[in-house]
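Down below is the structure, laid out as structure tokens.
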Protein chains: 2
Amino acid sequence: MKIPSSSIPRISRYYRVLLSLKDPVVSSQELADLTGSGAAQIRKDLAYFGQFGRPGKGYGTEALKQELKKILGIDRNWAVALVGIGNLGSALLAYKGFKDQGFNIKYAFDNDRKKIGRSRQGIKIRDIKNIPSVIKASGIEMAVIAVPQSSAQDVVDMLVASGIKAILNFAPAVLKVSDGVELLNIDLSIEMEKLTYFLQRNKA
Amino acid sequence: MKIPSSSIPRISRYYRVLLSLKDPVVSSQELADLTGSGAAQIRKDLAYFGQFGRPGKGYGTEALKQELKKILGIDRNWAVALVGIGNLGSALLAYKGFKDQGFNIKYAFDNDRKKIGRSRQGIKIRDIKNIPSVIKASGIEMAVIAVPQSSAQDVVDMLVASGIKAILNFAPAVLKVSDGVELLNIDLSIEMEKLTYFLQRNKA
């Protein structure tokens, strides 16, 4: 069965809601009220992954929570490589939320000689040239990129050639990856500009 | 003319590409090659806002850049209020990229007594209770939220009642705003979980 990629962020939201639920049983309607998705949508999303609840009885909160963790791959910790320790990279390195969610930034890379060899947040900054050897030896599959636009594609290519399979990209660049590699983009300036567009349009 | 909201992030990308272009004139085909959007799409997106280029001649790079800045509302600086100075809020406060793009975090708010009154990155942390008086007096229209899920809706309601018109929300919560207020959500855990879902599925 082909699972639509739009189901996954919804499953993340169902999981978030379950975390704060006290009731031992939850209905799809309750989940709908709490997440903003429709009850039918929720039943459909969950059905892709198996038969969890009992029709008319709802879902066992704890069991569903554990199943969703497994589906999302967050029933384990993940080592992460962070490339680009500029303003945003430093902020991401300091962001403890990643660790709380099981994402351990294990290696940090930059190409700035003034930064290489120093430690930030207890993590040594390594030369970007060492990506192939370090990543291959570590077996890490996940990377976060916060490099300038001009070097983003080179960094991605190096990461993918070294075995990285999933990339969260904060560089404001349109990047290509080969099949079998997942690339997601977050561009903070683009988000902020959606807001300023909205604000200035309403003034015009 | 109704401008589709999907045009705006594309216009942000065209603008980014123009920033690094040296040629005085650029064709929609060149912009297409650099941004990954189609040339016809680019002409359509720009046509919503006026007649910029000359058919068959392309666009004047500098003139188009200035026009896109105006469209996106980034031909001026914006004062921003940041609410929630936890792990992520602190990282956002330290992120200098906002300032480089004309977004000045002018006020920071938290409800933690240990933080209120202290300064971070040169910005005083104020009591969240003072949002109404401070925001109303300042006339700020833009806010970034990095509070826990449980308090996110209350914070949004307070901000909107105080005159905030555009919100970038990092809280993992489904939030409601009234008409005339723009709310955008960035949930880093959801993005990371899209990646771990992909990684674990390929292992299964």
Side-chain angles (χ1 to χ4, degrees), chain A residues 3 5 8-9 11-13 15-16 20 34-36 70-76 78 80 86-88 90-98 100-103 141-142 149-150 165-168 172-174 180 182 184 186-203, chain B residues 3 5 8-9 11-13 15-16 20 34-36 70-76 78 80 86-88 90-98 100-103 141-142 149-150 165-168 172-174 180 182 184 186-203:
Chain A
I3 297 160
S5 63
I8 310 310
I11 290 196
S12 288
R13 282 188 204 98
Y15 173 70
R16 288 288 165 302
S20 54
L34 291 164
T35 58
K70 266 191 238 169
I71 291 168
L72 294 170
I74 51 170
D75 55 339
R76 49 160 287 187
W78 294 88
V80 177
N87 289 330
L88 184 58
S90 300
L92 292 169
L93 204 51
Y95 172 46
K96 291 183 182 65
F98 280 141
D100 296 344
Q101 290 152 33
F103 301 111
E141 293 173 299
M142 204 172 188
Q149 182 181 1
S150 54
K165 295 271 185 289
I167 298 171
L168 187 60
V174 181
E182 186 82 350
L184 296 174
I186 296 183
D187 189 322
L188 289 177
S189 351
I190 285 184
E191 298 304 319
M192 294 299 270
E193 284 166 17
K194 285 183 197 165
L195 297 179
T196 52
Y197 165 75
F198 173 86
L199 289 172
Q200 75 75 26
R201 189 192 57 180
N202 286 3
K203 283 187 207 309
Chain B
I3 297 160
S5 63
I8 310 309
I11 290 194
S12 288
R13 282 188 204 99
Y15 173 70
R16 288 289 167 298
S20 54
L34 291 164
T35 59
K70 266 191 235 169
I71 291 168
L72 294 169
I74 51 169
D75 55 340
R76 49 160 288 187
W78 293 90
V80 177
N87 288 330
L88 184 58
S90 300
L92 292 169
L93 205 51
Y95 173 46
K96 291 183 183 64
F98 280 141
D100 296 345
Q101 290 152 34
F103 301 110
E141 292 173 300
M142 204 173 191
Q149 183 182 0
S150 54
K165 295 270 185 291
I167 297 172
L168 186 60
V174 181
E182 186 82 350
L184 296 175
I186 296 183
D187 190 322
L188 288 178
S189 353
I190 285 185
E191 298 304 319
M192 294 300 270
E193 285 166 17
K194 285 183 198 166
L195 295 180
T196 51
Y197 165 74
F198 173 85
L199 289 172
Q200 76 74 26
R201 189 192 58 179
N202 286 3
K203 283 187 208 308

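In what follows, chains are A, B, ... by sequence order, proteins preceding strands, each numbered from 1.
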Report summary line: Comparing B/L199, B/N202, B/L93, B/T35 against chain A, the one with the most heavy-atom pairs below 4.5 Å turns out to be B/L199
Report summary line: In this structure, OH of A/Y197 is separated from OG of B/S12 (nearest 0.5 Å) by 11.0 Å
Query - Heavy-atom closest contact (B/G73 atom, A/Q200 atom, distance) - result: CA-CG, 3.5 Å
Query raised in the report: Got a second to check how far A/L92's CG is from B/L92's CG, nearest 0.5 Å?
Result: 9.0 Å
Query - Residue among B/A94, B/S189, B/S20, B/P172 with most heavy-atom pairs under 4.5 Å to chain A - result: B/S189
Report summary line: Turns out that what part of B/I8 lies under 4.5 Å from chain A's heavy atoms comes down to side chain
Query raised in the report: Considering only heavy atoms, which portion of B/K70 lies under 4.5 Å from any heavy atom of chain A: side chain, backbone, both, or neither?
Result: backbone
Query raised in the report: CD of B/E141 to NZ of A/K203: how many Å apart, nearest 0.5 Å?
Result: 3.0 Å
Report task. Please name the pair of heavy atoms, one in B/N87 and one in A/G97, separated by the smallest distance, quoted to 0.1 Å. Result -> ND2-N, 4.0 Å
Requested in this report: Considering only heavy atoms and a distance below 4.5 Å, find which of A/V80, A/I11, A/L88 pairs most often with chain B.
Outcome: A/L88
Query raised in the report: Got a second to check how far B/Q101's CD is from A/M192's CE, nearest 0.5 Å?
Result: 8.0 Å
**Report entry** From CD1 (B/I186) to CG (A/D187), nearest 0.5 Å
**Finding:** 9.0 Å
Requested in this report: With a 4.5 Å cut-off on heavy-atom pairs, point out which of A/V174, A/L72, A/L34 contacts chain B the most.
Outcome: A/L72
Query - Top contributor to chain B interface from A/E191, A/E182, A/R13 [non-hydrogen pairs under 4.5 Å] - result: A/E182
Query - Those residues that, when tested against B/K165, pass salt bridge (charged side-chain N to carboxylate O under 4.0 Å, His left out) (two or more places apart) - result: none
**Report entry** Choice from A/S150, A/G102, A/A91, A/G36 maximising heavy atom contacts with chain B below 4.5 Å
**Finding:** A/A91
Query raised in the report: Looking at A/L188, A/I167, A/I71, A/L168, which has the largest count of heavy-atom pairs under 4.5 Å with chain B?
Result: A/I71
Query - Contacts of A/T196 that satisfy side-chain contact (heavy atoms from CB on, under 4.5 Å) - sequence neighbours left out - result: A/E193, B/I74, B/W78, B/F103, B/M142
Report summary line: Per-residue tally against chain A (heavy atom, under 4.5 Å) across B/R76, B/K194, B/K96, B/Q149 peaks at B/K96
Report summary line: So, the part of A/R201 with a heavy atom under 4.5 Å from chain B: the answer is neither
Query raised in the report: Between B/I190 and A/P9, which heavy-atom pair has the shortest distance, and what is it?
Result: CG2-CB, 3.6 Å
